[in-house]
Amino acid sequence: MSCSMQVATPPSRLPPNSNYHNRESQQHRKQTISLLQKCRNVNQIAPIHANIIKNGLEQDHFIVFELLRVCSKCDAIDYALKIFRRTQEPNVYLYTALVDGLVLSGSYFHGINVYVQMTENFIVPDDFVINSVLKACGLELDLRMGKEIHAQALKLELCTNRQVKLKLIEFYGKCGEFEDMMRVFDGMPERDVVAITVMMSAYFDCGLIDRACDVFDLVKGKDTVCWTSMIDGLVRNGKMNKALEYFRQMQREGVRANEFTVVCVLSACAQLGSLELGKWIHSYVKKYDIEVNHFVGSALINMYSRCGSIEEAERVLEGVKEKEDSTYNSIIVGFALNGKSAEAVKMFQRMINEGIRPTNISFVGVLNACSHGGLVDVGFEIFHRMQIDYCIEPQVEHYGCIVDLLGRAGRVDEAHNFIQNMKVNPDHIIWGSLLSACKVHQNYELGERVAQILLNQGPCDTGTHILISNFYSSWGKWEDALQVRAKLKKNCVQKEPGCSLIEVNNEIHEFLLGDIRHPQKKEIYRKLEEMDQKVRLNGYCPQVDVVSQDIMDQEKEWALAIHSEKLATLRIVKNLRVCDDCHMMIKLVSKITRRKIVMRDRNRFHHFENGSCSCGDYW
DNA sequence: CTAGGGTTAG
């Protein structure tokens, strides 16, 4: 990023304005300012701006100040820059407003440059502008510049200011300079909750969970923001259960949650598949009148979708007043996840009808739905419209959806051709998708070539290795399958152990393969055996070929019988993908027991009912 | 005479 900002050289004198002091014009200025403050988008600003120019108020710093702020708020930073350039002798207020606006629009580097220009124009910085530029330095991770500004602030004796100290802590924390961060903190008179919150978040950014917890314990009188920051940090670092523990503790201590808090907690629920707690949070939102803004709305939709309650997700959608692209994206992805491809496409259409411009994420969601639902023509149509109507250059994810679309439909050679004509390099996910299609459609000749490409491409993730190994075993090539497994072991890439979760009475029960830890294990295994007998009477035969190791069939049956998802039924969350055998068995169990069973695996949802599954046996 | 900043940031 470069700094294209040029500050106009101001003329030596301002044009005299005879009306400047009369009462009428004072009133007019006040009116203009309050009009500006009410603007919600850039189209509303332009006519007011025209009026300002007509009335000769263009150089009025108070007016310009409001203009800059409202432009930033309306995401019109270019407009703000134009106005700033036309302003003669901008003062420190105007520079601050511009730096703030640039930071808000993500142009941190540019913001820092504007500050530098200000000092070059001999304008003395005050605490406010120091604050703004330190924010920019922290976000830009510009350690050198931030230190220089720290030095300037010391010289100007602005470092006694609490806000400046807080921003210094934030800046050093974001840059990972924890010693300097602590030094500033130690110079504060008391243990400031806000300062500790900032430090916690910096530690979490670096994955230093224990240090974050240590400073959290220092705080007396933790407020909502502090608790939220803690919960958010734990969620961001994958500690979902711990985050929920802290949320419960927060409730016990009588600290009220806000919009931020519920978004974080809902994200934890979504990732754990904890529907009961998720519902509880939803009722909390209603009870305490927490505004269902688009963040909260998306979080609720996401939680319900990922917990398999897509109908509830739809209900939430209708209740979101100001739907944004993210709101629609959440529900589209939710439909795709739950095997409702046609609904995903319909929702995508509705989004467009309601004047919301689909983003690249919307396209990933809807194309994913098309591939899972076998909607080949619709998928292609959307893929083309994305480029022509919306000028979105396809990313590797979009290409991946199309490869998947063709591959799943059995058109593996076309998919292969498509890969060779893409404008981007195929990644291991795209090749993996093709390999998976080759496996399902038993095109071993092409599959073998793809497997070789993947193996030669250098390191790839565990999932890909497992896929290659499974491809070889389904082909009966145990030797090759074992070799891939061996390579996986040698590279110290461990297969994540299969694990399934089920929530009963607000408690999360966890099952690993062949798990014997559960207190009710006797009853559970007895039931499992009973089920096993029943489904065998219904024609179930263990699909021993899904077990990749080349072991005796009898042993394989046992290995399958204890796959963890069979141990927990009804509403199951599994960390890996479900295997063919478990899928078959659960279908039958749903028929025999007449129960709906919902299972989420790593990729999608399976709604089992009366012997069939929403995925159409295709996942 | 009339202007600014909260700490989490999904």
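Below, read A as the first sequence line, B as the second, and so on, with proteins coming before strands; counting in each chain starts at 1.
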Atom CG of A:Leu234 to atom P of B:dG10: distance rounded to whole Å? 16 Å
I'd like to know if A:Glu170 and A:Lys135 make a salt bridge, using a cut-off of under 4.0 Å between side-chain N and carboxylate O. yes
Answer yes or no: does a side-chain N or O of A:Arg236 lie under 4.0 Å from OP1 or OP2 of B:dA9? yes
Using a cut-off of strictly less than 4.0 Å between a heavy atom of the residue and any atom of DNA chain B, enumerate the qualifying residues of residues 146-153 of chain A by number. none
Short of 4.0 Å, heavy atom to strand atom, which residues of residues 186-198 of chain A count as contacting DNA chain B? A:Val194, A:Val198
Under 4.0 Å, counting only non-hydrogen atoms across every strand here, what does A:Asp100 touch: a base, just sugar-phosphate, or nothing? nothing
Measure the distance from NZ on A:Lys167 to C1' on B:dT8 and round it to the nearest whole Å. 12 Å
For A:Asn302, which contact category applies under a 4.0 Å heavy-atom criterion: base, sugar-phosphate, or nothing? nothing
Which residues satisfy the ring-ring contact (aromatic ring centres under 6.0 Å, His included) test with A:Phe128, sequence neighbours excluded? none
Starting the side chain at C-beta, find the nucleotide from B:dG10, B:dA3, B:dT7 nearest to A:Tyr93. B:dA3
Modelled atom types, side-chain donor and acceptor of A:Glu314 and A:Tyr304, under 3.5 Å: no
Apply salt bridge (Lys or Arg N to Asp or Glu O under 4.0 Å) to A:Arg315 and A:Glu312, showing your working. CA-CA 5 Å; A:Arg315 222 164 295 152; A:Glu312 201 54 48; 2.8 Å; yes
Candidate nucleotides B:dT7, B:dA3, B:dA9, ranked by approach to the side chain of A:Ser201 - the nearest: B:dA9
Just how far, in rounded Å, is P of B:dT7 from CG of A:Leu218? 21 Å
Check the orientation of A:Phe178 and A:Tyr203. Use parallel for under 30°, tilted for 30 to 60°, and perpendicular for over 60°. tilted
Separation of B:dG4 P from A:Leu36 CG (nearest whole Å): 13 Å
Stacking between B:dA9 and A:Phe260, yes or no? Criterion: centroid separation under 5.5 angstrom, plane angle under 30 degrees. no
Rounded to whole angstroms, how far apart are CG on A:Leu134 and C1' on B:dG4? 16 Å
Atom-to-atom span, CD1 of A:Ile231 to P of B:dA9 - whole angstrom: 13 Å
Choosing from B:dT7, B:dT2, B:dG4, which nucleotide comes nearest the side chain of A:Phe128? B:dG4
A:Lys222 to A:Phe216 six-membered ring, cation-pi geometry met (6.0 Å, 45°): yes
Classify A:Asn91 by what it touches in the nucleic acid, base, sugar-phosphate, or nothing, heavy-atom distance under 4.0 Å. base
Would you say that A:Asp180 contacts A:Phe171 through its side chain, given a criterion of any heavy-atom pair below 4.5 Å between the two side chains? no
Would you mind reading off the distance between A:Ile290 atom CD1 and B:dG10 atom P, rounded to a whole angstrom? 18 Å
Of the candidate nucleotides B:dT8, B:dG4, B:dG6, which contains the atom at the shortest distance from the side chain of A:Thr96? B:dG4
Rounding to an integer number of Å, can you tell me how far A:Asp223 CG sits from B:dG6 C1'? 11 Å
Please determine whether a side-chain nitrogen of the Lys or Arg among A:Asp232 and A:Arg236 lies less than 4.0 Å from a carboxylate oxygen of the Asp or Glu. yes
Given B:dC1, B:dA3, B:dG6, identify the nucleotide with an atom nearest to the side chain of A:Phe62. B:dA3
Within the structure shown, what part of the strands sits under 4.0 Å from A:Lys30 by heavy-atom distance: base, sugar-phosphate, or nothing? nothing
Decide salt bridge (Lys or Arg N to Asp or Glu O under 4.0 Å) for A:Lys165 and A:Asp192; before the verdict, give the C-alpha distance in whole Å, the side-chain angles of both, and the deciding distance to 0.1 Å. CA-CA 11 Å; A:Lys165 278 185 188 148; A:Asp192 192 305; over 6 Å; no
Kindly say whether, by distance alone, the side chain of A:Asp126 makes a donor-acceptor pair under 3.5 Å with the base of B:dG4? yes
Answer yes when A:Arg252 and A:Glu245 have at least one side-chain N-carboxylate O distance shorter than 4.0 Å, and no when they do not. no
